[in-house]
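Right, one structure below, let's go through it.
Atoms within a ligand are numbered from 1 in the order they appear, just like the ligands themselves.
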Amino acid sequence: MTVTEPAQAPAPVPPLAERARSIGGSPVRDILAVTARPEVINFAGGLPAPELFDAEGIAEAFRAVLAETPERALQYATTEGEPALRTALAARATARGLVTSADDVLVTTGSQQGLSLLATALLEPGDTVLVENPCYLAALQAFGLAGARVIAVPCDEQGLDPQALEELVGIHRPKLLYTVPTFQNPTGRTLPADRRAAVAAVAARSGLWIIEDDPYGELRFEGERVPWIASYDGAGDRVALLGSFSKVMAPGLRLGSLRAPAGLLRACAVAKQAADLHTPTVNQLAAARYLADRDLDAHVARVARVYGERRDAMLAGLPAALPQGSTWNRPEGGMFLWARLPETYDTTALLPEVVRHDVAYVPGAPFYAGVPDRATLRLCFVTQTPEEIAEGLRRLGAGLLAGRKA
Ligand code: PMP
C-alpha cells in the first residue's frame, strides 16, 4: 500500500528585485502598440526612414568579411571591440575636433547599452542624477533601474540652463548630468556653444560626471555643427561621450560607441563583459569594412537632405493641424520636433481619439522627470514621405478636434 502525502500548495517564488518591481507598465505604450497597424501614419515611432538604409552597401560589407575572414567574423572577440572598428571610430571623432585614440573607445551594443554600462559603473542606489526636462525616456529607465534619484534641470527652447544647473548641483550634490545636447530626443533642440562651455565649466568646478549622448548630431540639414561638450575646457576628464550607428547606418546592427577617460572605460568594459561579453563580431567587422570601402559621410548627407525635406513638409502642415495658439520648434537636424498645444489641452488624454483617426504622436508627459507639461507632444518627421506627412497631419487635426468635442 502506498501512502500519499496530503496535497500541499507550493510555496510562492521569492519576489522580483525591488528595482524591477518599481518599473511599472506604461499606459501610453499600450495605446501606441496599436500604431503598428499598417493604416496608421505613425509620427510616434522614432524610426529612421527604412528606404534610405544602404542595404546593398551593408550587404556587400557582410559578404566581404564572411568570405574573406569567416574564422574571425564568426568567432568570439574582445569585450572592448574589434580593433579595426575602434580605430575607425577614433579617427571619426578626431576628424570632428576631439583627439581620440582607439584605446579611448569601447564598442557597445547600441548606445543604449552604453547608458546602462555607465549607470552600472557610476551609480550607487540613492545617487542623484540630473537630466534635461524633458528627457529621453529609456535613459530615465536606465537610471531608475540603477536605483538613482533623478532630478530634472530647468530647460528652455535652447536646452539646459547652466545657471539653474549650477544651483541644483549646489543643493543636491549629484554624481552625474545626462544630456543630449544636439537634436535632443524628445524636443529636437540643440544646446548653443556658449552654454556647452558653461556646462563644462560647472562640471569642472563642482566635480560632476557628464554623459553626453549624441545619436543624432550627424543628421544636420541646416546650420553649423556645434562642438561636443567633451571638447570644451574642463570637460576632458569627466565626459563620457556616446555615439551610435543607428541613425547613420541602421539601428538593427545594434552598434554604438563609448568614449571615456581610462578608469571609467575600464569599469564599463567589466560591466559589458557581464552583460554580453562583446558586441557581435560580424556586425563590427562589417561596419569597419563599410567605413573603409564606402563614404559614410556622403550617405549621411543624402539621408539628412531627405530628412530636411520631411521636416519642411511637417512645418508646412502644422499650422492647419494644430489648434490656434499652439507653438512648435524648427530643428536644424535630427528626427523630432516638439509642439505645445494651448494650456487646456492634455495630449495623453487626447491620444486614443487621435489613434482612432489612424495617426499617432507621443504625448510629452512621460518624458518629464519633474512636473509634466501635459500640453506637449513629440512628432517624428523622418519616417514618412512628404505626402504621407501631409495626410497624417490632416488626420491629426481631425483627431484633435474630435477628441476635444468628446
Ligand atoms: N539615446 C537617445 C537620445 C536615443 O534617442 C536613442 C534611440 N532612440 C538611444 C540613445 C539608443 O540608441 P541605440 O541604442 O540604437 O544606439
With a 4.0 Å cut-off on N to O distance, would you call [X] and [Y] a salt bridge?
{"X": "Lys272", "Y": "Glu80", "answer": "no"}
{"X": "Glu391", "Y": "Arg395", "answer": "yes"}
{"X": "Glu218", "Y": "Arg96", "answer": "yes"}

Ligand 1-proximal atoms of Arg254, by part, heavy-atom distance under 4.0 Å: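 Side chain only.
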Ligand 1-proximal atoms of Phe245, by part, heavy-atom distance under 4.0 Å: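 Under 4.0 Å from ligand 1, Phe245 contributes no heavy atoms.
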Under 3.5 Å: donor-acceptor pair, side chain of Ser111, backbone of Gly256: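 No, because the side chain of Ser111 does not come within donor-acceptor range (under 3.5 Å) of the backbone of Gly256.
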Main-chain N/O of Asn42 paired with Gln384 side-chain donor or acceptor, under 3.5 Å: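 Looks like yes, one N/O pair under 3.5 Å.
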Lys247 heavy atom under 4.0 Å from ligand 1: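 Checking ligand 1 against Lys247, which is what was asked, there is a heavy-atom contact under 4.0 Å.
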Ring-ring centroid check Phe143 Tyr178, cutoff 6.0 Å: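 So the answer is yes for these two rings.
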Shortest protein heavy-atom distance from [atom], along with the residue and atom involved:
{"atom": "atom 9 (C) of ligand 1", "answer": "Tyr136 OH, 3.2 Å"}
{"atom": "atom 1 (N) of ligand 1", "answer": "Asp213 OD2, 2.6 Å"}
{"atom": "atom 5 (O) of ligand 1", "answer": "Tyr216 OH, 2.5 Å"}

Shortest heavy-atom approach to atom 15 (O) of ligand 1 - which of Cys135, Ser246, Gly334, Pro251: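 Ranked by closest heavy atom to atom 15 (O) of ligand 1, first place is Ser246.
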Option whose closest heavy atom lies nearest to atom 11 (C) of ligand 1, chosen from Gly243, Ser111, Ser244: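 Nearest option to atom 11 (C) of ligand 1, by heavy atoms: Ser111.
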Could you tell me, atom by atom, which parts of ligand 1 come under 4.0 Å of a heavy atom of [X]?
{"X": "Pro215", "result": "1 (N), 2 (C), 3 (C), 4 (C)"}
{"X": "Gly110", "result": "14 (O), 16 (O)"}
{"X": "Val180", "result": "3 (C)"}

Over all atoms of both residues, closest heavy-atom pair of Leu123 and Ala148: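 For Leu123 and Ala148, the tightest heavy-atom pair comes out as CD1-CB, 4.0 Å.
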Any N/O pair Thr109/ligand 1 closer than 3.5 Å: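 N/O-N/O distance under 3.5 Å: no.
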Heavy-atom neighbours of Glu224 CD exceed 12 at 6.0 Å: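 No - once you tally the heavy atoms of other residues, nucleotides and ligands closer than 6.0 Å, there are 12 at most.
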